[in-house]
Each structure stands twice: as structure tokens, then as C-alpha cells.
Amino acid sequence: MSSLLETKIAARQHALREQGLLRQRKVLSVDHALNTNASTSSPRFVFKGRAYVNFSSNDYLGLSRVPQLAEALHLGAQTYGVGSGASPLVTGYSDAHLALERELCDLTGHEAALLFCSGFSANTALMKTLFDQHDIVVADKLVHASIIDGLQDSGAQLKRFLHNSLESAERLLARNQTSALITESVFSMDGDCAPISELSALCRQHHAWLIVDDAHGFAVLDGYNNAEAAKLIDVQVVTFGKALGCQGAAVLGSQALIDFLVSNAREYIYSTALSPANAALALAATQYSTVHPELQQKLFENITLFKRLCREANVPLLGSDTAIQPLIIGDALQTLQVAEELRAAGIWVGAIRPPTVPIGSARLRITLTAAHAAEDIATCVAQLAQVLSRVGVPLVTERQATDEHR
Ligand SMILES: Cc1ncc(COP(=O)(O)O)c(C=O)c1O
């Protein structure tokens with residue numbers, strides 16, 4: 001007889017499979033022949049013996065394959081060892097960590113920074129530690145799962161405003177004595193940007209903090225990687241696994257906030273610190289992105305090219321101007337089918353389904369990077385147009401689909 005848990009697991013997996021929502025990992029490998037010009041050719045990987053052009057990573061500047069950054073990681077490991085060996089409050093905090101924190105503060109104008117091993121733990125730690133049942137927090141309807149999880153754990157009263165709607169945010173701020181408003185600089189699944197200056201003004205008016213998850217904006221959008229950021233944003237969460245091409249994250253804010261997190265954030269206190277080698281790498285990647293503005297330029301040329309080709313081929317995109325270009329299909333199974341057909345043509349794009357996005361708004365999440373070659377972008381769009389018309393997908397371009405609850 002099966003145990004209770006075996007029965008539960010089997011039933012849940014069956015239900016997910018039936019709805020096309022089962023998640024499975026794919027083992028990817030690298031073909032070194034494909035990567036000889038790693039930083040100048042389109043990102044590719046091998047799956048089951050076949051090469052694919054990768055249009056689904058968040059490595060927006062192509063930094064994950066830059067040889068100087070591999071050297072920085074190597075040097076960091078030689079200098080400090082390959083791991084931190086302890087929590088930051090024991091012996092896991094080094095001058096490599098401090099140097100990165102200082103660099104991030106210099107870039108953004110914030111007083112202090114705290115490093116985490118991932119953006120997910122930075123967000124949950126921040127929310128759980130900062131808020132409790134006495135706080136009312138308002139957040140955009142599309143904020144990331146890590147923010148929602150942290151807020152739920154905190155016990156705070158959460159109120160959601162309509163995606164990117166200043167009117168809706170203002171209504172909530174006016175009706176509730178709000179501790180903080182939370183949004184993202186660039187929304188991870190829609191690719192659109194929050195009106196940060198306007199939200200900041202609203203927050204000032206209502207004496208609430210503005211917290212911005214800058215995972216998809218940092219090092220790639222000009223907006224908040226400058227000394228002005230701290231004037232608009234009270235707490236900024238930046239991640240190193242997207243445009244910086246490596247791993248880890250930081251919470252940036254006032255010295256008082258960071259001191260408070262050091263003493264109270266369980267994810268920080270009871271977890272092995274980010275390795276110093278990774279901190280050295282993230283510092284090198286931050287500096288590399290600063291001294292190579294041509295990478296941002298190339299990324300925006302690639303975004304512009306992709307959007308123009310889609311317009312010409314009648315491929316209806318959501319209207320994003322960032323590296324994240326969603327194409328809403330609606331049905332989860334059809335989304336998988338389109339992604340599969342694109343794979344048959346050597347193009348790998350993300351097929352994003354609920355609960356990552358609202359029910360009825362399953363989508364392709366196509367991401368551009370500075371490393372994509374123009375001919376690969378052209379092939380991607382041509383194949384996309386062909387597959388969409390072949391599969392006969394009823395395209396959902398109405399934005400309401402994404403305005404539902406997550
Ligand atoms: C908006 C946003 N915040 C936070 C995270 C988590 O960052 P990390 O991948 O470093 O855990 C992600 C990653 O998917 C994200 O998209």
C-alpha cells in the first residue's frame with residue numbers, strides 16, 4: 001500500500017501533467033567548438049546531441065562567457081578558496097564581500113549593502129525581516145514569487161495594485177497607512193518597466209518606503225545604476241545572475257536597514273555566505289559592464305532589430321522595449337507545442353506557464369542578449385512566424401490577461 005505522501009505526490013503530478021503544467025529539467029551541455037568565440041557569437045548549447053541558439057537566458061550582456069570574468073573567478077578561488085566556509089556572521093565575510101558591497105553602493109548612491117547567495121533569498125529575507133503583522137504593504141500585481149513568499153511569511157497585510165497603475169497604487173496608499181510599496185524595475189515575465197519616479201513621488205507623499213526589485217534592470221537599464229537611484233528608491237534589490245552573468249544578489253539601502261538585517265535576517269545569519277570567489281567575480285562583472293557601455297548599446301540594437309522583424313512578419317509582441325520580449329499564446333499546451341516546434345528549428349525560447357504567469361496568459365518568453373548575432377535573430381523571427389501560422393495559434397494580445405492575480 002502506498003504511503004500518504006506517495007499518494008499525494010502521484011495525484012498532484014498527474015493533475016499537472018493533464019494540464020500541461022508539469023515541469024521537467026533538461027540536461028544541457030556545451031560544445032566547445034561552438035564556443036570558441038564565446039563572447040562574440042550567439043549563445044548556444046547542446047541538448048541530446050543537437051545545438052540550439054539560446055533565446056531564453058537572462059545573460060543580457062553576454063557576460064557569463066567573457067574570458068576575463070572566468071579569470072576573475074579563478075583568481076578569486078585561488079586567493080580565497082572555493083567556498084566561504086561559514087555564515088557571514090561567523091567567518092564567512094571577507095574583504096572581497098566588502099569590496100563588492102562598496103562598489104554597489106558607489107554605483108547606486110545607497111549607504112550600505114548586504115550580499116545574498118540568490119535574489120530569491122534576498123527578497124524573502126528582506127520581506128520576512130522588515131515586515132510583521134502590524135504592517136500594510138502594497139505591491140504591484142505582477143511582483144516576483146520571492147516577494148510574495150516573503151510577505152506571506154512576514155504576516156503583513158498585503159494589498160495589490162493593478163499592474164503599473166499609478167491610480168490604483170495611489171488609491172491603496174490613500175486608504176491605508178502603508179509601510180512600503182513594492183514593485184520591479186523591469187517585470188520579469190512582461191518585460192515592461194515600472195514608473196519609478198512617479199511611484200517614488202507617491203511614496204514620499206504618503207510616507208511609505210519604495211522597494212524596487214531591480215533584478216532585470218540592474219547593469220542593463222540606465223535608470224537606477226547611478227547615484228540618483230537612492231534618491232528615488234529606499235530599498236533596491238539587485239541580482240548578479242541576470243545581466244552580470246554570474247550568481248548572487250544584494251539588498252541596498254540605508255545603513256540602519258542593513259544593520260537591522262544583519263542582526264535579524266535568518267537567511268543571512270543561518271546560511272553559508274556567498275563565496276568570496278563569487279563576490280570577486282560579481283565585482284569584476286559590475287566593473288566590466290561599467291567600462292563596456294557598447295554591450296548595452298549592442299543589446300538595444302538587437303532588441304530594436306528583433307522588434308522590427310517581428311513587426312514586418314506580423315508576429316504580435318506584447319510591446320516591451322527591454323530584453324524580455326513576451327508573446328502571449330494563452331493556452332499552456334499550445335505554448336509548449338510552439339516552443340517544441342521552434343526547437344525543431346534549432347531555436348530555444350522559454351515556454352512560461354501558470355502559476356509563473358496568470359492562467360490564460362501562457363507565453364513564449366523570448367530574451368535578447370548583446371551576444372546574439374543579427375542572422376540568428378532573423379532566423380528566430382522567421383521560424384516564429386512560420387510556426388505560429390502552421391500551428392494556428394489564436395494569439396492573445398489583450399493586456400487584460402496579465403492583469404489578473406498571480
Ligand atoms: C524579478 C525577480 N526577482 C528575483 C529573482 C530571483 O533572483 P535569483 O535568480 O538570483 O534567485 C528573479 C529570478 O527569476 C526575478 O525574476
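Both ligands and their constituent atoms are indexed starting at 1 by order of listing.
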> Taking the side chain from Ser361 and the backbone from Pro358, do they hold a donor-acceptor pair closer than 3.5 Å?
Replying inline: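 Between the backbone of Pro358 and the side chain of Ser361 there is a qualifying donor-acceptor contact (under 3.5 Å).
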
>> Considering only residues two or more places apart or on different chains, which pairs with a residue in residues 274-313 satisfy ring pair (Phe, Tyr, Trp, His ring centres under 6.0 Å)?
In response: Tyr288-His292

> How would you list, by chain and number, the residues with a heavy atom under 4.0 angstrom from ligand 1?
Replying inline: Ser118, Gly119, Phe120, Asn123, His144, Glu184, Ser188, Asp213, Ala215, His216, Thr239, Lys242

>> Taking Lys298 first and then Glu301, would you say they form a salt bridge - that is, a charged N and a carboxylate O separated by under 4.0 Å?
In response: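 Judged by the 4.0 Å cut-off on N to carboxylate O distance, Lys298 and Glu301 do not form a salt bridge.
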
Listed pairs under 3.5 Å, donor-acceptor, residues 13-27 side chains, sequence neighbours left out:
from, atom 1, to, atom 2, distance (Å)
Gln19, NE2, Ala15, O, 3.0
Arg23, NH1, Thr356, OG1, 3.4
Arg23, NH2, Thr356, OG1, 3.1

>> According to side-chain hydrogen bond (donor to acceptor under 3.5 Å, both in side chains), who are the partners of Gln247, at least two apart in sequence or on a separate chain?
In response: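 Once residues adjacent in sequence are excluded, Gln247 has no partner under the side-chain hydrogen bond (donor to acceptor under 3.5 Å, both in side chains) criterion.
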
>> Angle between ring planes, Phe55 versus His372, binned at 30° and 60°: parallel, tilted or perpendicular?
In response: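 Parallel.
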
